[in-house]
K.L.:
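Below you will find the structure I want to go over with you.
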Protein chains: 2
Amino acid sequence: MDMQPELCKVDDALGILVGKWKPIILLILLQEGTKRFSDLKRRVPGITQKMLTKQLRELEEEDIITRNVYAQVPPKVEYSISEYGRSLEPILVAMHEWGTAHTLHKTKKGQL
Amino acid sequence: MDMQPELCKVDDALGILVGKWKPIILLILLQEGTKRFSDLKRRVPGITQKMLTKQLRELEEEDIITRNVYAQVPPKVEYSISEYGRSLEPILVAMHEWGTAHTLHKTKKGQL
DNA sequence: CAGTATCCCGCCAGATACTG
DNA sequence: CAGTATCTGGCGGGATACTG
C-alpha cells in the first residue's frame, strides 16, 4: 500500500472533521437522522448559536450535510447527512473505536 | 451500533491526529520505518525545526512514536512508530482513501 | 425559531536567531 | 546534528446582544 505522504490526502478528511463540534454534530445526524436547528442546539450542550451555525455552514459547504429551509413562520430549518457525508462514517467509526481503546490505554498508563 | 455522541471518543483520536504536520509525519514513519530528525526534516518540505520538534514531542507524549537518543557526537536521534501508534493506521488509511475520493468529488462539482 | 453582528482572547504556527 | 528561545500574527472559538 502506498499512501503517498507528500500529497497527504489525509489532510482533506481531517480538515472537514476538525472543528470543536463537528464530530458530535455528525454523529448525531448519522445516528438519529434529520434534526432541526433547535434540536441540535439542545443535543449539543454548551454550544452557542454562533458556533452551531458556523459549523453547520462549513459542513454544508463541503456537501457533508444538507440544509432544508421551510418557508413558514416561525422558521423551520432541518439538517441531515448527505449521501456523500455518509461516506465519512467509516472514519468516524474507526476513530470512535480507537478513542474507546485509547481511554483504556491512558488508564493503564496512569496505574503504573 | 451506538457511538454515544455525547461522550465523543472521536475527539480523542482527532486530537492526536490534528496538527499541521502530524499526519504526514506518521505516514512517513509508518511506511518507511525509523527516521532520524534530519531525515524527517528533509522528508517534510516546508516544516521548521521548531515545528518538527514540537509535533514529535506531542506524538511522543501520547506514546504514538518512540524517541531513541544515541549518546554520541554529533548527536543522533531516531524516531519510529510505537506498537500503540500503529493502531492508528486503519484511521489514517480510511482518511487517505476518503481524501482520494474527495478530490474526485470536488473535481466533478467544479465541472458542473 | 433560526439566525446575524461585535467584541475579545488564547494558542497554533511561522520566522529568525542562538547552542551543547 | 538536533535541538532551544523569542517575537509575532492570524484564526478558531467564546460571550453577549440584536433581528426577520
Side-chain angles (χ1 to χ4, degrees), chain A residues 5 8 10-26 28-29 32-62 64-81, chain B residues 5 8 10-26 28-29 32-62 64-81:
Chain A
C8 211
V10 170
D11 286 331
D12 290 353
L14 217 45
I16 287 174
L17 262 9
V18 171
K20 189 164 179 186
W21 311 94
K22 281 176 189 167
I24 204 171
I25 290 172
L26 290 175
I28 291 171
L29 293 179
E32 304 176 17
T34 303
K35 292 275 177 193
R36 296 185 58 161
F37 184 88
S38 53
D39 291 334
L40 274 175
K41 182 147 173 28
R42 265 186 293 275
R43 204 70 186 64
V44 185
I47 196 170
T48 60
Q49 300 213 350
K50 174 191 160 185
M51 284 312 297
L52 181 53
T53 301
K54 193 184 172 197
Q55 309 277 302
L56 289 170
R57 287 293 187 289
E58 290 174 10
L59 291 170
E60 188 195 358
E61 181 66 23
E62 297 283 355
I64 304 302
I65 64 174
T66 303
R67 182 165 179 263
N68 214 322
V69 184
Y70 293 77
Q72 64 182 48
V73 177
K76 176 178 172 181
V77 181
E78 287 184 338
Y79 294 89
S80 53
I81 292 283
Chain B
C8 211
V10 169
D11 286 332
D12 291 352
L14 217 46
I16 287 173
L17 262 9
V18 170
K20 190 163 179 186
W21 311 95
K22 281 175 188 168
I24 207 171
I25 290 172
L26 291 174
I28 290 170
L29 293 179
E32 305 176 16
T34 303
K35 292 275 176 192
R36 296 184 57 161
F37 185 87
S38 52
D39 291 334
L40 274 177
K41 183 150 172 24
R42 264 186 295 275
R43 203 71 185 65
V44 185
I47 196 171
T48 60
Q49 300 213 350
K50 174 191 158 184
M51 283 313 296
L52 181 53
T53 301
K54 193 184 172 198
Q55 309 278 302
L56 290 170
R57 287 291 188 288
E58 290 175 10
L59 291 170
E60 189 195 358
E61 180 67 22
E62 297 284 358
I64 305 303
I65 64 174
T66 303
R67 181 166 181 264
N68 215 323
V69 184
Y70 295 77
Q72 62 181 50
V73 177
K76 175 177 170 181
V77 181
E78 288 183 337
Y79 294 91
S80 54
I81 291 283

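All values reported here derive from a predicted model rather than from experimental measurement. Each chain gets a letter, A, B and so on, in the order its sequence line appears, and its residues count up from 1.
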K.L.:
Report yes if a side-chain nitrogen or oxygen of Arg36(B) is closer than 4.0 Å to either non-bridging phosphate oxygen (OP1 or OP2) of dC1(D); otherwise report no.
P.N.:
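For Arg36(B), the contact criterion (side-chain N or O under 4.0 Å from OP1 or OP2 of dC1(D)) is not met.
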K.L.:
Side chain of Pro74(B) only, heavy atoms from C-beta on: which candidate in dA2(D), dC1(C), dC1(D) is closest?
P.N.:
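Among dA2(D), dC1(C), dC1(D), the one nearest the side chain of Pro74(B) is dC1(D).
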K.L.:
Taking side-chain hydrogen bond (donor to acceptor under 3.5 Å, both in side chains) as the cut-off, I'd like each qualifying pair that reaches into residues 67-76 of chain B, sequence neighbours left out, listed once.
P.N.:
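Residue pairs passing side-chain hydrogen bond (donor to acceptor under 3.5 Å, both in side chains), neighbours aside: Arg67(B)-Tyr79(B), Tyr70(B)-Glu78(B).
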K.L.:
Show each protein N/O and nucleotides 18-20 of chain D N/O combination with a separation under 3.5 Å, one pair to a line.
P.N.:
none

K.L.:
Taking the minimum atom-to-atom distance to the side chain of Lys50(A), which one of dG12(D), dC12(C), dA15(D) wins?
P.N.:
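Between dG12(D), dC12(C), dA15(D), the one nearest the side chain of Lys50(A) would be dA15(D).
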K.L.:
Could you check if a side-chain atom of Asp39(B) sits within less than 4.5 angstrom of a side-chain atom of Arg42(B), using non-hydrogen atoms only?
P.N.:
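Touching, per the 4.5 Å side-chain cut-off.
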K.L.:
Give a yes or no on whether a donor-acceptor pair under 3.5 Å exists between the nucleobase atoms of dG12(D), that is its base, and the side chain of Lys20(A).
P.N.:
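Such a pair does not exist between side chain and base.
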K.L.:
Describe the nucleic acid contact of Tyr79(A) in one word from base, sugar-phosphate, nothing, applying a heavy-atom distance below 4.0 Å.
P.N.:
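Contact class for Tyr79(A): sugar-phosphate only.
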K.L.:
Identify the heavy atoms of Leu26(B) and Ile65(B) that sit nearest to each other, and give their distance.
P.N.:
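Minimum heavy-atom contact is CD2-CG2, 4.1 Å.
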K.L.:
Given dA5(C), dC1(C), dG14(C), which nucleotide is nearest the side-chain atoms of Ser38(A)?
P.N.:
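Nearest nucleotide to the side chain: dC1(C).
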K.L.:
My validator wants the stems of DNA chain D: runs of 3 or more consecutive Watson-Crick or G-U pairs, both distances under 3.5 Å, written as range with range.
P.N.:
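Detected stem regions: C:1-20 with D:1-20.
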K.L.:
Among the nucleotides dT4(C), dG14(C), dA2(D), which one has an atom lying closest to any side-chain atom of Arg57(A)?
P.N.:
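Of the candidates, dT4(C) comes closest.
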K.L.:
Please confirm whether the shortest side-chain N or O distance from Gln55(A) to OP1 or OP2 of dG12(D) is below 4.0 Å.
P.N.:
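Checking dG12(D) against Gln55(A), no side-chain N or O comes under 4.0 Å of OP1 or OP2.
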